[in-house]
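Note that ligands are numbered from 1 as they come in the structure, with each ligand's atoms numbered from 1 the same way. Bear in mind the structure is a predicted one, so any value in this text is a computation, not a measurement. Worth knowing before you read on, the calculation uses all heavy atoms, side chains too, and leaves out hydrogens, waters and symmetry mates.
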Amino acid sequence: MNNPAISPDLTAHLEWCRVHVDQVIDRRLSTRDKQADRLVEAMRYAILGGGKRLRPALVVMACEAAGGAAQTALPAAAAIEMIHTYSLIHDDLPCMDDDDYRRGRLTVHKQYDEATAVLAGDALHALAFEILADCGGPDIVREVAHYIGADGIIGGQMDDLLAEGIITNEQHVSFIHLRKTASLITASVRVGGRLGGTTSAQLEMLTGYGRDIGLAFQIVDDILDEVGSTEQLGKTAGSDRAQQKATYPGVIGIEQSRQRAAELCAAAKRAIAGLGPGADQLVALADYMILRDR
Ligand code: GRG
């Protein structure tokens, strides 16, 4: 992460999370039998080939904000990254957004084939729940399942596809983005908070934070798709416009979109003000969400 707007403290903490989460992922994906070689290779290609690791960092930082140790959160953080990666693999398929590039290289269905991509996504999804059951138990499993199901990212994805080519408004776009993107980000901080031993009042603060930075994150993603380059983003720039997606810049323009993202970032920081200095990294990460350039 070479963005000068990011503090050295946050850079170091994100790097710590990335290294340790990748170790957990690497271990979980290296003890398979020979028959599953192609599948595991595709899973590893998808998940270990890049990505900012923001959601696992949120799990770790929320755990710390609630008073827990970062190490405690690592398996769950790895599981959340597996769910995120599965959603990207499926999102890139020809029947969804049909993208050729992700994380700076060919998408899984382009590198392998469609069936392998579907199965690699499914297997990452399943493995994530196996890990969450071991490290979090039934409450966390139920909660994550809820946030990524029909009321969460899958429902949001459905509406995103249905909204293509339709003239829409800010309220509709925010309804899509909150489920498509903010749901998993909210689940990440809630899981971390629970593992850190959060109180229910703290969990509500984290939920408000997740919702606000989640929406801000997707607004910035919409802006970057318009103004960024394919090299910078590691995925095809301009694809939202090409596919006539419902986006913030599409309904309120770039400048107002930037303003909305900044307002949401401020609201997210207010939401966790009651968590005290333990939440400093979450505050810094909220700023990063709107300053990011990829
Ligand atoms: C189950 C058939 C089937 C499809 C599922 C759930 C789903 C399809 C798609 C999820 C929707 C989605 C991809 C939302 C976009 C969220 C987003 C901006 C992702 C990119 O996140 P980054 O920038 O990616 O954090 P990296 O690569 O850095 O991890």
Side-chain angles (χ1 to χ4, degrees), residues 1 3 14 17-18 21-22 25 45-59 77-78 80-99 101-109 114-115 117-126 128 144-145 147-164 173 176-188 210 213-226 228 230 232-237 239-240 243 245-248 261 285 288-294:
M1 190 162 301
N3 188 332
L14 286 172
C17 292
R18 193 189 62 74
V21 166
D22 282 9
I25 295 170
Y45 175 86
I47 199 166
L48 290 169
K52 297 182 285 296
R53 302 291 189 259
L54 293 179
R55 293 156 192 80
L58 284 166
V59 178
I80 291 287
E81 181 64 23
M82 289 176 189
I83 291 170
H84 169 57
T85 305
Y86 125 75
S87 80
L88 299 181
I89 299 171
H90 284 194
D91 186 57
D92 290 335
L93 286 168
C95 62
M96 300 267 166
D97 283 0
D98 194 9
D99 274 311
Y101 294 97
R102 171 71 68 180
R103 294 178 163 172
R105 52 194 190 153
L106 286 174
T107 45
V108 182
H109 66 275
E114 275 183 47
V118 170
L119 295 173
D122 289 343
L124 284 168
H125 191 192
V144 173
Y147 276 99
I148 70 170
D151 291 331
I153 62 175
I154 304 288
Q157 175 78 353
M158 185 79 242
D159 282 1
D160 179 85
L161 293 170
L162 292 173
E164 278 177 21
V173 179
I176 294 172
H177 286 9
L178 280 169
R179 285 170 304 138
K180 182 180 84 164
T181 304
S183 288
L184 186 57
I185 288 179
T186 307
S188 303
I213 56 156
L215 183 51
F217 180 85
Q218 184 59 54
I219 294 174
V220 172
D221 204 75
D222 290 353
I223 296 170
L224 288 173
D225 187 80
E226 290 255 337
T230 298
Q232 172 193 346
L233 303 177
K235 58 185 179 181
T236 314
S239 64
D240 288 345
Q243 294 181 73
K245 288 279 183 191
T247 67
Y248 262 75
L285 198 57
Y288 168 70
M289 289 287 184
I290 57 165
L291 295 172
R292 72 193 179 95
D293 55 10
R294 68 184 180 94

R179 pairs by salt bridge (charged side-chain N to carboxylate O under 4.0 Å, His left out) with which of D151, D159, D160?
D159
Side chain to side chain contact (heavy atoms under 4.5 Å, CB included), that's the test. Do R55 and I185 meet it? Break it down for me.
CA-CA 6 Å; R55 293 156 192 80; I185 288 179; 4.1 Å; yes
Can you say whether the rings of Y86 and H125 are parallel (under 30°), tilted (30 to 60°) or perpendicular (over 60°)?
parallel
Looking only at heavy atoms, what is the nearest atom pair of I89 and A120, with distance?
CD1-C, 4.3 Å
Just jot down the side chain to side chain donor-acceptor pair (under 3.5 Å) partners of Q243, sequence neighbours excluded, or say none.
none
For a quick check: using heavy atoms under 4.0 Å, what are the residues in contact with ligand 1, sorted by chain and number?
G51, K52, R55, H84, Y86, S87, L88, H90, D91, M96, R103, I153, I154, Q157, K180, T181, F217, Q218, D221
Tell me, with the steps shown, if E226 and Y248 meet side chain to side chain contact (heavy atoms under 4.5 Å, CB included).
CA-CA 11 Å; E226 290 255 337; Y248 262 75; over 6 Å; no
